[in-house]
Amino acid sequence: AYERTCRYFSRKTNSVVVSVGYRLAPEHPFPAQFEDCLTATIHFLRTAQDHGVDPSRIVICGDSSGGTLTAAVAQALVNRRDLPKLRAQILIYPFLQCVDFNLPSYQQNERVPILLKERALALGLKYVNKDLYHIKDLCKGCHVSEDQRLKYHKWVSPD
């Protein structure tokens, strides 16, 4: 599905593009997708020179769930001293935080066609193998304790 986009990126940036075909949920429950992406990235970082690629120029990218996986892979690799450092990560509308679903961006986009707020939350719950019963609690913010909310307020708040 992304071959055309990958070819475009490759051509426009004069880069090598490696597209990871990770296993999908629900047939392959989380964290299979993350493990596939992490394994592929580590393998390519280790063997980049075998493919004529400078390991110091590797950028990882993903959109939607792929963006979420990209962020998770970058975090998993940030302290690895046995691998070349990633040059950058490109995240295209990733799902990055689940502390507060009532921040301004969620409110502004909650009725955007195709990915309505409730649908996005349902997909997120399916992704992590949780019951859809929890959607109403997520929308209300009842899934996070007041202590946790205060702890993360510096990073996750309408301010």
Side-chain angles (χ1 to χ4, degrees), residues 1-26 28-46 48 53-81 83-130 135 138-139 141 143-144 148-149 151-159:
Y2 285 92
E3 181 181 351
R4 188 179 214 169
T5 303
C6 290
R7 286 181 184 275
Y8 176 82
F9 282 158
S10 180
R11 205 172 38 256
K12 290 294 186 179
T13 63
N14 191 28
S15 300
V16 173
V17 173
V18 178
S19 180
V20 178
Y22 54 85
R23 294 171 289 170
L24 301 175
H28 302 281
F30 176 81
Q33 304 78 14
F34 169 72
E35 291 167 352
D36 290 350
C37 292
L38 181 61
T39 299
T41 303
I42 290 171
H43 175 75
F44 191 71
L45 285 166
R46 285 186 175 147
V53 174
D54 177 354
S56 70
R57 299 188 66 213
I58 295 175
V59 175
I60 59 175
C61 173
D63 77 307
S64 193
S65 293
T68 306
L69 292 166
T70 297
V73 167
Q75 285 183 333
L77 297 177
V78 76
N79 292 320
R80 294 279 302 257
R81 298 193 188 283
L83 297 168
K85 293 289 182 205
L86 294 171
R87 184 172 188 183
Q89 60 179 320
I90 301 170
L91 310 177
I92 304 168
Y93 61 93
F95 183 76
L96 296 178
Q97 69 87 17
C98 60
V99 174
D100 189 343
F101 295 111
N102 293 304
L103 295 174
S105 62
Y106 279 103
Q107 292 175 17
Q108 291 164 4
N109 297 296
E110 70 183 340
R111 289 186 176 76
V112 172
I114 301 173
L115 200 55
L116 302 169
K117 178 179 174 180
E118 201 163 301
R119 180 174 164 81
L121 294 177
L123 291 170
L125 286 170
K126 277 186 165 186
Y127 177 76
V128 294
N129 304 314
K130 298 296 179 191
I135 286 180
L138 289 173
C139 287
H143 65 293
V144 176
Q148 292 293 319
R149 193 176 309 286
K151 179 179 178 179
Y152 292 106
H153 182 77
K154 177 180 176 181
W155 299 281
V156 182
S157 77
D159 301 332

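Counting from 1, the numbers follow the sequence of the chain as shown.
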Are [X] and [Y] close enough that some pair of their side-chain heavy atoms sits under 4.5 Å apart?
X      : Y      : result
Phe30  : Lys130 : no
His143 : Phe101 : yes
Ile92  : Cys61  : yes
Val18  : Thr41  : no
Ile42  : Leu77  : yes
Asn102 : Gln107 : yes
Leu138 : Cys98  : no
Glu118 : Ile135 : yes

Give, for atom [atom1] of [X] and atom [atom2] of [Y], the distance between the pair rounded to the nearest 0.5 Å.
X     : Y     : atom1 : atom2 : value
Tyr2  : Asp63 : OH    : CG    : 3.5 Å
Arg11 : Thr13 : CZ    : OG1   : 10.0 Å
Ile60 : Ile90 : CD1   : CD1   : 9.5 Å

Would you find a donor on one side and an acceptor on the other, under 3.5 Å apart, between the side chain of [X] and the backbone of [Y]?
X     : Y     : result
Thr39 : Glu35 : yes
Thr70 : Leu91 : no
Ser10 : Ser15 : yes

What pair of heavy atoms forms the shortest contact from [X] to [Y], and how long is it?
X      : Y      : result
Asp36  : Val20  : O-CG1, 4.2 Å
Cys37  : Leu69  : SG-CD1, 4.0 Å
Gly141 : Arg149 : O-NH2, 2.6 Å
Ala71  : Gln89  : CA-OE1, 3.3 Å
Ala76  : Phe34  : CB-CZ, 3.9 Å
Asp100 : Gln97  : O-NE2, 2.7 Å

Begin from the C-alpha positions of Val16 and Ile58 and carry the test side-chain contact (heavy atoms from CB on, under 4.5 Å) through to its verdict. CA-CA 9 Å; Val16 173; Ile58 295 175; over 6 Å; no
Heavy-atom neighbours of [X] [atom1] exceed 12 at 6.0 Å:
X      : atom1 : answer
Arg119 : CZ    : no
His28  : NE2   : yes
Lys117 : NZ    : yes
Lys85  : NZ    : yes

Please assess Val53 against Phe44 for the test side-chain contact (heavy atoms from CB on, under 4.5 Å), listing each intermediate value before the final yes or no. CA-CA 9 Å; Val53 174; Phe44 191 71; 3.9 Å; yes
